[in-house]
> 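The structure follows.
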Amino acid sequence: MEGDRKHPAPAAPPTERLQLLLRRSREAKNCAYCPYSRFPVGAALLTASGEIFSGCNVENACCSLGVCAERTAIQKAISEGHTSFRAMAIASDMGDTFIVPCGACRQVMREFGTDWDVYLTKADGSYIVKRLEELLPLSFGPEDLKKV
Ligand code: THU
């Protein structure tokens, strides 16, 4: 609930930036390497400094080694020196259902804070937005390691 937040929610990205973020997630989906699932996913991550890093799912013949689009985008951003994020957009080909990140990705996203936005889209470009703390309530994070 809005009033229960310890920190005020950061402002949503300006419309133009949000449209670009959504577009970059769709473009990233076109690069998906998913010969096994045939379920392409794209993600685009907006950093606090305004840069966008995108990623797609990358599958492998050894199935357990596949990586989701969300984690590809995060790894690209982290490895370029960005650890503070404002928003992520996720795109898939599903027409009737908003794409949602898997549990593993939610935990990886949570590593970098609980108060940023995730835009979940349908193939027609419509979206809903969720705070990370809504997607992963009662989460465990880096701060908890300091509590013992
Ligand atoms: N996948 C993602 O990349 N992100 C999601 O949000 C859900 C699922 C990928 C993993 C796998 O390559 C394929 O979609 C089917 O699960």
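In each ligand, atom 1 is the first atom listed, and ligand 1 is the first ligand listed. Hydrogens, waters and symmetry mates are skipped; everything else that's a heavy atom, side chains included, is used.
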> Write out the residue and atom name of the closest protein heavy atom to atom 1 (N) of ligand 1, then the distance separating them to 0.1 Å.
Val41 CG2, 3.7 Å

> Looking only at non-hydrogen atoms, find the nearest pair between Ala28 and Ala43 and report the distance.
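Here Ala28 and Ala43 meet closest at CB-O, 4.0 Å.
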
> So Gln75 and Phe53, do their side chains get closer than 4.5 Å, heavy atoms only?
no

> Could you check atom 12 (O) of ligand 1 against the protein and tell me its nearest heavy-atom contact, residue, atom and distance included?
Glu59 OE2, 2.5 Å

> Any atom of ligand 1 sitting under 4.0 Å from a heavy atom of Pro101?
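Heavy atoms of Pro101 do come under 4.0 Å of ligand 1.
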
> Is it true that Lys130 and Asp117 make a salt bridge, defined as a side-chain N closer than 4.0 Å to a carboxylate O?
no

> Would you call Ser139 and Glu133 a side-chain contact if the rule is heavy atoms closer than 4.5 Å?
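SC-SC contact between Ser139 and Glu133 ruled out.
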
> Please identify which atoms of ligand 1 are closer than 4.0 Å to at least one heavy atom of Ser37.
13 (C), 15 (C)

> So, do Ile90 and Glu70 sit near enough that their side-chain heavy atoms are less than 4.5 Å apart?
yes

> So does Glu27 pair up with Arg23, basic N to acidic O under 4.0 Å?
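A salt bridge links Glu27 with Arg23.
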
> Which protein heavy atom lies closest to atom 9 (C) of ligand 1, and at what distance to 0.1 Å?
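The closest heavy atom on the protein side is Asn57 ND2, 3.5 Å.
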
> Is Ala69 in polar range of ligand 1, meaning some N or O pair under 3.5 Å apart?
yes

> Among protein heavy atoms, which lies nearest atom 10 (C) of ligand 1, and at what distance?
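Closest protein heavy atom to atom 10 (C) of ligand 1: Cys68 SG, 3.9 Å.
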
> Hey, does Val100 come in under 3.5 Å of ligand 1, counting only N/O atoms on both sides?
yes

> Name the orientation class of the two ring planes belonging to Phe112 and Phe85 (parallel below 30°, tilted from 30 to 60°, perpendicular beyond 60°).
perpendicular

> Does the protein put a heavy atom under 4.0 Å from atom 16 (O) of ligand 1?
no

> Identify the closest protein heavy atom to atom 5 (C) of ligand 1: which residue and atom is it, and at what distance?
Glu70 OE2, 3.4 Å

